[in-house]
> 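After the structure tokens below, expect a handful of questions from me.
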Amino acid sequence: MVLRLGIDVGGTNTDAVILDGRKVLAGVKRTTTEDVMSGIAAALEAVIEAAGIARDAIDVAMIGTTHFTNAVIERRALDQVAAIRLGLPATACLPPMVDWPADLVEEVGGHRYLLHGGYEFDGREIAPLDTDGLRRIADEIVAKGIRAAAVSSVFSPINRDMEEEARKILTEAVPGLSVVLSSEIGRIGLLERESAAIMNASLLSLADKTVTAFGDALKGAGLHCPFFVTQNDGTLMAADTVRRFPVLTFASGPTNSMRGAAFLTGVKDAIVIDIGGTTTDVGALQKGFPRQASTVVDVGGVRTNFRMPDVFSIGLGGGTIVSGEGESLKVGPQSVGYRLTSEARVFGGEVLTCTDIAVASGAADIGDKSAVADLDPDYIAAVRARIAEMLETAVERSRISPEPLPVIAVGGGSILAPDQIGGLEVLRPENFAVANAVGAAIAQISGEVDRIFALDKRTREECLGDADEEAREIAIRAGAVAETLEVIEREDVPLAYLPGNATRIHVKVVGDMGGLDA
Amino acid sequence: MSFFIGPDDMEEIALGGAFLGTGGGGDPYIGKLMARSIMERENVSVEVVPGEEVPDDALCVPVCMMGAPTVMVEKLPSGDEALDALSALEDYLGRKADYLICIEAGGLNSTIPFAVAAHTGLKLIDGDGMGRAFPELQMVSLTLHDIAATPMVIADDKGNSGVLNAISNLWTERLARAVTVEMGGAALVALYPMSGAEMKKGLLHGTLSLVREVGHTILTERRANRHPGDALIERCNGYDLCTARVIDIERRTTGGFARGVARLRGLDADQGREFKLSFQNEFLCLEDDEGRPLALTPDLICALDADGGLPVTTESLRYGLGLRLIGLPADPQWRTPGGQALAGPGYFGYPHAFEPLEKLAGKHRAA
């Protein structure tokens, strides 16, 4: 049997669980710390002790984190980025970051550069690469002290040569500059791919620091097993990949909590509400998997085309501030956030929060109950009715059929949820508070193929079949169970500029990790 | 009645255009951004006037994008092409345009005329040449009324432009398409210069109002957390064709078009069925697993994303995407023998004779 450690590093809490096959041996919750590392260390010590196992018995560690999404949403710890697009004279009408919120543009410095270069759909050059222009930008990068650049060329998914050439010129001129290429991150669709590359570049130093902290925390706790980080689609990536592509972790939080909820309840079709300290995420489970957003998803106000679960967030959590009464009763969206344990009334503070209401109503027993004994029962009922109403609206939004699905409540704040929401039964699984960490622990394994196939001797269908098979083999070698594999991405881009009728095929398959059956 | 469209209305225009654009006519997001940024920069709204208010001797000019929409999501315009095309046509004609026209519905082709109108201060006429989108430039009601596509100007991002004079609208398409491919697969054009009198006779009227209304319906239904499909079927006398997931998508950018076929697997009520959706820029033919047609050009095959309800263009189709397909009857002009010859299934090489949706829908549903 395989012992796996799942850790979820959220904005407020760091959770850890240890799973023995399908069995949750222990789950703990600790406060996330500024340095990340000491929070993980505290959670690790607690969970190892609670599980009563030897540290070297743990085979593998999986970490899920919302650290990078939060950095973008909260506009903090972002590096300034030189956003360089190769495409002039085309593309000038919509420069890089044209559709970003102004405060985020300012946070990454607003350094936009448009240069001649890029390709036509058939591989011809729109214009030769403006190498002098790149050297001028390099001088500005040095002068402004910028440490990261994102280079996006028109049609780089069919030919990345110019992006590579630009990286070479930039890193020769500015030693130590990190250069992200859009072709490494996204597919056809210039604005979305470019935005993802710029966001990724702005997160590189935070990624380096964070991954180092993860590693140090594990080592500090005496763990020497390999560790992985979960990405958008619920699969794992190697820690060193996260240093280069932090943007790929963006929606891993909701993915983990939904998969964790499915795992803990055994329910395959449900609405999942994950109530944290500040916000509640609502999404739908279909056949045990989070329902995917089908087209585009905003992250911090920026349009992306990553594969992500369709999640709706509202400003309601354990730390949400309650004020006023009667007509002027207000629940949120302000929250005391991670200061819950010092500012909420039951923890000796002055602010009335949703957690205080839960304690006063008897739904939860935490902190000092006597601190909320003065609250009028009618008032408590009114606030609980408002909370129920907010949750009902959010749940209704995620329902796409009139079927009476159950609602699974997870997350530390799920004590706020009533027993029924809009006539739907609410399930609270054991270990509900650490569902995220459970989701990380059961993350899936992927196999990916992305390369050029020649169609002169074989048909397109045969090549797609080959790519599927190759991706499956990669996933199985990495530890996936063959019977659980399914294709989640399959795309071919004909490359008209290459002889022999070439096509670039991208296939990704995912499956469950072995050793999960009890 | 005339109405004004400002920067905040562009989303409705882009979404409504994308729905009626039957998968073609370009990405609504890029269309919205382009028109918005010009309106905001020039600080103007654009007036849309009914065709009947236009003097008979006015010069009316459609401006639009031509080429493969797959190119436009990657190689964004420089922004000057449409203006270059219009002013070169004006120079050639020795006369300034008085009104602008939108040639087709589409996420980009409904919005580009607004961008040009915002820039030049010209008014836009409430109508278009298709009541939908079609891949080729002769496929407009104007052709059915013997209005010539040329003289026409075609312009690219690099500053190249050319004037075309052709003996027929089909020849205009052939020649302009070859130029478009050389220009990188997408170009901006000003064409079908016509008098107010010709416009009144040849244009499909009121379609920009319809585009705005459809866009408004999509936005308000989505805000009320409802899938807009039902409301759109109700509003446009449409038919539910199928709800299905993309399981294979084969596409090529050839001959200046985005061509391809998507195979779909039924969801919900359509579970267990398979469908084949063929496109050339636009969705043109939907067949079931036995090759029987469910909807055929020139009737409209509109796609919404099955979960979120936003219009889906052919270039944004991808593996795993859930679609709800809705059929709308084409303008009666398209169902005439002349209309079918211009844009019917036979022209595109599909092995079916045209049959209207009203007949096809429901025919094989119980099967």
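FYI, side chains are in, hydrogens and waters are out, and symmetry mates aren't considered; it's all heavy atoms of this structure. Proteins come first, then strands; the chains are lettered A, B, ... in the order of their sequence lines, and each starts at number 1.
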> At a heavy-atom separation under 4.5 Å, does B/Thr254 approach chain A through its side chain, its backbone, both, or neither?
neither

> Among A/Leu191, A/Leu86, A/Val154, A/Ile126, find the residue that satisfies the side-chain contact (heavy atoms from CB on, under 4.5 Å) test when tested with A/Thr91.
A/Val154

> Side chain, backbone, both or neither: which part of A/Ser156 has an atom under 4.5 Å from a heavy atom of chain B?
backbone

> Flag the pair B/Arg324 and B/Asp230 as a salt bridge only when some basic side-chain nitrogen lies within less than 4.0 angstrom of an acidic carboxylate oxygen.
yes

> B/Gly320, B/Pro77, B/Gly185: which one forms the most heavy-atom pairs within less than 4.5 Å of chain A?
B/Pro77

> For A/Ile488, is it the side chain, the backbone, both, or neither that has a heavy atom closer than 4.5 Å to a heavy atom of chain B?
backbone

> Is a salt bridge present between B/Arg36 and B/Asp8, judged by a nitrogen-to-oxygen distance below 4.0 Å?
yes

> Tell me which of these, A/Glu491, A/Arg460, A/Glu120, has more heavy-atom pairs under 4.5 Å with chain B than the rest.
A/Arg460

> Give a yes or no answer on whether the side chain of A/Ser195 reaches the backbone of A/Glu192 with a donor-acceptor pair at less than 3.5 Å.
no

> For the interface with chain A, which of B/Ile247, B/Asp268, B/Val73, B/Asp80 has the highest count of heavy-atom pairs at distances below 4.5 Å?
B/Val73

> Between the main-chain N or O of A/Met162 and the side-chain N or O of A/Tyr119, is there a donor-acceptor pair closer than 3.5 Å?
yes

> Counting only heavy atoms closer than 4.5 Å, note whether B/Glu81 contacts chain A via side chain, backbone, both or neither.
neither

> For B/Ile30, is it the side chain, the backbone, both or neither that has a heavy atom under 4.5 Å from a heavy atom of chain A?
both

> What option among B/Glu315, B/Glu250, B/Arg226 has the most heavy-atom pairs under 4.5 Å with chain A?
B/Glu250

> Which bit of B/Met183 comes within less than 4.5 Å of chain A, counting heavy atoms only: side chain, backbone, both or neither?
backbone

> Please state whether the side chain, the backbone, both or neither of A/Ser153 comes within less than 4.5 Å of a heavy atom of chain B.
backbone

> Less than 4.5 Å apart, side chain to side chain, heavy atoms only: is that true for A/Val449 and A/Ile505?
no

> Measuring heavy-atom distances to chain B, does A/Val487 have an atom under 4.5 Å in its side chain, in its backbone, in both, or in neither?
both

> Using heavy-atom distances under 4.5 Å, tell me whether A/Glu486 contacts chain B through its side chain, its backbone, both, or neither.
neither

> Could you look at A/Glu489 and say if it's the side chain, the backbone, both or neither that has a heavy atom under 4.5 Å from chain B?
backbone

> What residue, out of B/Gly184, B/Ser37, B/Ala68, has the most heavy-atom pairs lying under 4.5 Å from chain A?
B/Gly184

> Check this for me: does any side-chain nitrogen of one of A/Arg193 and B/Glu74 sit under 4.0 Å from a carboxylate oxygen of the other?
yes

> Indicate yes or no for a side-chain donor-acceptor contact from A/Arg112 to the backbone of A/Pro96 under 3.5 Å, with no hydrogens or angles considered.
yes

> Measure from the side-chain N and O atoms of B/Ser110 to the backbone N and O of B/Gly107, and report whether any donor-acceptor pair falls under 3.5 Å.
no

